Amino acid sequence: MQTQIQTLILQALESLADELENENLKNPTLETKIYGIEGNLDSLALVSFIADLEEMLATTLNINLVPS
């Protein structure tokens with residue numbers, strides 16, 4: 001399960017790379033900084049990333065982070 005979640009996180013970052021035109025996110029790793037000092041996402045992009053990841057978790061792994 002952990003590996004599947006990590007894969008979804010990396011896929012969400014890759015999909016944001018094109019939208020944000022951010023070369024650092026085109027091939028993210030577990031070491032990629034996403035927020036904060038030297039991070040690749042600003043606050044608005046972070047919110048978008050979280051929303052995308054929530055949707056991917058729900059559709060792929062049937063994990064709902066927001067209660068119905």
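Model, not experiment: these values are computed from the prediction.
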> So, for L25 and L41, which heavy atoms are closest and what is the spacing to 0.1 Å?
CD1-CD2, 3.6 Å

> CG/N27 to CG/L10 distance, rounded to the nearest 0.5 angstrom?
10.0 Å

> Apply side-chain contact (heavy atoms from CB on, under 4.5 Å) to the pair L8 and Q11, showing each step before the final yes or no.
CA-CA 5 Å; L8 290 177; Q11 288 174 353; 3.5 Å; yes

> Is a side-chain N or O of T60 found less than 3.5 angstrom from the main chain of L57, in a donor-acceptor match?
no

> Report whether L65 and V47 are members of the same hydrophobic cluster (ILVMFWY, side-chain heavy atoms less than 4.5 Å apart, transitive linking).
no

> Using the rule given for side-chain contact (heavy atoms from CB on, under 4.5 Å), can you reason through N64 versus E54, listing the C-alpha separation, both sets of side-chain angles and the distance that settles it, and then say yes or no?
CA-CA 7 Å; N64 294 303; E54 282 180 342; over 6 Å; no

> More than 12 foreign heavy atoms under 6.0 Å from NZ of K33: is that the case here?
no

> According to a hydrophobic-cluster definition based on side-chain heavy atoms being under 4.5 Å apart (Ile, Leu, Val, Met, Phe, Trp, Tyr only), do L44 and I34 belong together?
no

> Side-chain heavy atoms under 4.5 angstrom apart, residues restricted to Ile, Leu, Val, Met, Phe, Trp, Tyr: same cluster for L20 and I50?
yes

> For side-chain contact (heavy atoms from CB on, under 4.5 Å), just list the numbers for D42 and Y35, CA-CA rounded to whole Å, side-chain angles, deciding distance to a tenth of an Å, and then say yes or no.
CA-CA 7 Å; D42 62 16; Y35 192 70; 5.8 Å; no

> Is it the case that the side chain of N22 and the backbone of L16 share a donor-acceptor pair, with hydrogens and angles ignored and the cut-off at 3.5 Å?
no

> Please identify which of these residues, L13, N40, T32, meets the side chain to side chain contact (heavy atoms under 4.5 Å, CB included) condition with N24.
N40

> So does E55 have more than 12 non-hydrogen atoms from other groups sitting under 6.0 Å from CD?
no

> Work out which heavy atom in K26 is nearest to a heavy atom in A17; give both atom names and the distance.
N-CB, 3.6 Å

> Hey, quick one: are L46 and L30 part of the same hydrophobic cluster, counting side-chain heavy atoms closer than 4.5 Å, chains of contacts allowed?
no

> About how many Å separate OG1 of T7 and CE of M56, when rounded to the nearest 0.5 Å?
9.5 Å

